[in-house]
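Here the structure is laid out as structure tokens; the discussion comes afterwards.
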Protein chains: 2
Amino acid sequence: MLEPVKISKALSEPIRYKIMLLLVNQYSREGPQCCSSSTEGVCNCEIMAEFGMIQSRVSYHMKELTEAGLVTEKPFGKWKYYSLNTETLKDYVTRLGMDFKL
Amino acid sequence: MLEPVKISKALSEPIRYKIMLLLVNQYSREGPQCCSSSTEGVCNCEIMAEFGMIQSRVSYHMKELTEAGLVTEKPFGKWKYYSLNTETLKDYVTRLGMDFKL
DNA sequence: TTATCATATCAAATAATTTTGATATATGCA
DNA sequence: TGCATATATCAAAATTATTTGATATGATAA
């Protein structure tokens with residue numbers, strides 16, 4: 001069941017919106033990274049590096065995004081890869097269109 | 001210039017989302033109202049009546065919605081009529097589609 | 001003008017969210 | 001097993017958002 005208010009809230013935090021943009025564009029950064037590059041998504045520590053955030057802060061925001069259904073998690077060994085759930089975004093957009101007769 | 005984070009925040013508050021729904025469906029309620037019924041929109045005091053909110057609270061939320069560009073205000077005498085700005089919503093939806101490649 | 005009504009604004013109180021540092025859990029490897 | 005690494009969780013602090021009651025502004029009408 002789609003909750004447009006919850007999805008709006010997830011998108012309403014600037015750093016979370018930036019993380020979403022990072023996920024859609026895939027991570028590409030030079031130098032050593034904690035997890036091996038993957039086409040499966042972007043890992044926690046890559047997000048830390050990209051935005052200079054500490055680990056618990058990244059973890060918190062990824063949980064918010066995941067619980068809103070905007071991001072899916074894929075554990076791989078000790079890492080976790082995140083990717084966009086575009087279906088939720090599509091449903092959200094559709095719902096706004098219906099609710100507000102766009 | 002469209003600010004998707006700001007629009008998301010405006011939509012992320014439950015009572016604001018309900019007010020938006022009220023605006024799109026137009027107000028229709030029995031009994032005495034403070035302002036005369038209008039096709040131009042819904043007035044502050046009608047929103048107070050609909051949700052049992054005090055005046056300053058309604059005023060605060062209408063300001064949030066207006067500043068996000070989601071609602072337009074139309075002063076009429078001592079009243080003010082609010083209506084949805086569907087253009088902003090359409091632009092928001094378009095922007096999400098582009099940002100996240102939907 | 002004065003009284004009344006609708007809305008706006010303000011400061012203080014309350015509530016919700018976010019950030020941080022510490023610690024816990026879980027996996028992989030020597 | 002024991003150690004290192006990646007992520008999760010927790011409690012406290014910091015920040016931001018919302019609510020409230022009081023007062024201000026601005027328009028109407030007597």
Side-chain angles (χ1 to χ4, degrees), chain A residues 3 5-20 23 27 29 32-38 40-68 70-83, chain B residues 3 5-20 23 27 29 32-38 40-68 70-83:
Chain A
E3 294 172 84
V5 169
K6 188 168 190 179
I7 294 170
S8 303
K9 181 143 67 180
L11 293 172
S12 76
E13 218 284 327
I15 203 73
R16 282 200 294 266
Y17 200 92
K18 285 182 190 159
I19 292 171
M20 296 275 291
L23 294 187
Y27 183 79
R29 187 175 237 263
Q33 283 141 36
C34 79
C35 61
S36 48
S37 274
S38 167
E40 298 292 348
V42 173
C43 80
N44 209 319
C45 51
E46 286 175 321
I47 299 166
M48 294 169 64
E50 181 70 21
F51 299 114
M53 296 166 74
I54 65 174
Q55 184 269 322
S56 59
R57 188 180 171 200
V58 172
S59 213
Y60 167 74
H61 285 301
M62 296 319 290
K63 191 179 182 196
E64 292 289 305
L65 290 171
T66 302
E67 285 181 351
L70 289 168
V71 160
T72 53
E73 305 177 329
K74 184 163 192 168
F76 182 77
K78 61 182 167 181
W79 304 306
K80 194 175 243 182
Y81 291 102
Y82 301 99
S83 51
Chain B
E3 295 172 87
V5 168
K6 189 168 189 177
I7 294 170
S8 303
K9 181 143 68 179
L11 293 171
S12 76
E13 218 285 326
I15 202 74
R16 283 200 294 265
Y17 201 92
K18 284 182 191 159
I19 291 172
M20 297 276 289
L23 293 187
Y27 183 80
R29 187 174 238 263
Q33 284 140 36
C34 79
C35 61
S36 47
S37 275
S38 168
E40 298 292 347
V42 173
C43 79
N44 210 318
C45 52
E46 286 173 322
I47 299 166
M48 293 169 63
E50 182 69 21
F51 299 113
M53 296 166 74
I54 66 173
Q55 185 269 322
S56 59
R57 188 179 172 201
V58 172
S59 216
Y60 167 74
H61 285 301
M62 297 319 290
K63 192 179 182 197
E64 294 289 307
L65 290 172
T66 303
E67 286 182 351
L70 289 168
V71 160
T72 53
E73 305 177 328
K74 184 163 192 168
F76 183 78
K78 62 182 167 181
W79 304 307
K80 196 176 242 182
Y81 291 102
Y82 301 99
S83 50

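Note on naming: letters A, B, ... go to the chains in the order of the sequence lines (proteins, then strands), and numbering restarts at 1 for each one. What you see below is based on every heavy atom in this structure, not just the backbone, and it leaves out hydrogens, waters and symmetry mates.
Protein atom CD of A:E64 is 8 Å distant from nucleotide atom P of C:dT17, rounded to whole Å. If you measure from atom CZ of A:F76 to atom P of D:dT5, you get 19 Å, rounded to the nearest angstrom. Rounded to a whole Å, the CD1 atom of B:I54 is 15 Å from the P atom of D:dT18. Atom CG of B:L11 is separated from atom P of D:dA17 by 15 Å (rounded to the nearest Å). Taking atom CD1 on A:I15 and atom P on C:dT17, their separation rounds to 19 Å, with Å as the unit. Counting to the nearest Å, the C1' atom of D:dT20 and the CE atom of B:M53 are 12 Å from each other. Here the P atom of nucleotide D:dT7 and the NZ atom of A:K74 are 16 Å apart, to the nearest Å.
A close approach under 4.0 Å does not occur between any side-chain nitrogen or oxygen of B:K9 and OP1 or OP2 of D:dT16. For C:dG21, neither phosphate oxygen OP1 nor OP2 lies less than 4.0 angstrom from any side-chain nitrogen or oxygen of A:R57. Applying the 4.0 Å criterion to OP1 and OP2 of C:dT17, one finds that A:H61 has every side-chain N and O outside that range.
The two atoms that bring A:A10 and A:L65 nearest to each other are O-CD2, 4.1 Å, heavy atoms only.
Residues passing the side chain to side chain donor-acceptor pair (under 3.5 Å) test with B:K9, sequence neighbours excluded: none.
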Sequence-aligned protein contact record of nucleotides 4-10 of chain C, with B where the base is within under 4.0 Å of a protein heavy atom and S where only the sugar-phosphate is: -BSBBB-

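No side-chain donor-acceptor contact under 3.5 Å links A:E3 to the backbone of A:V5.
Taken together, the cysteine pair B:C43 and B:C35 places its SG atoms within less than 2.5 Å of each other.
Looking at B:L23 and B:S83, their side chains never come closer than 4.5 Å, going by heavy atoms from C-beta outward.
Applying the side chain to side chain donor-acceptor pair (under 3.5 Å) rule to pairs touching residues 55-64 of chain B yields B:R16-B:H61, sequence neighbours excluded.
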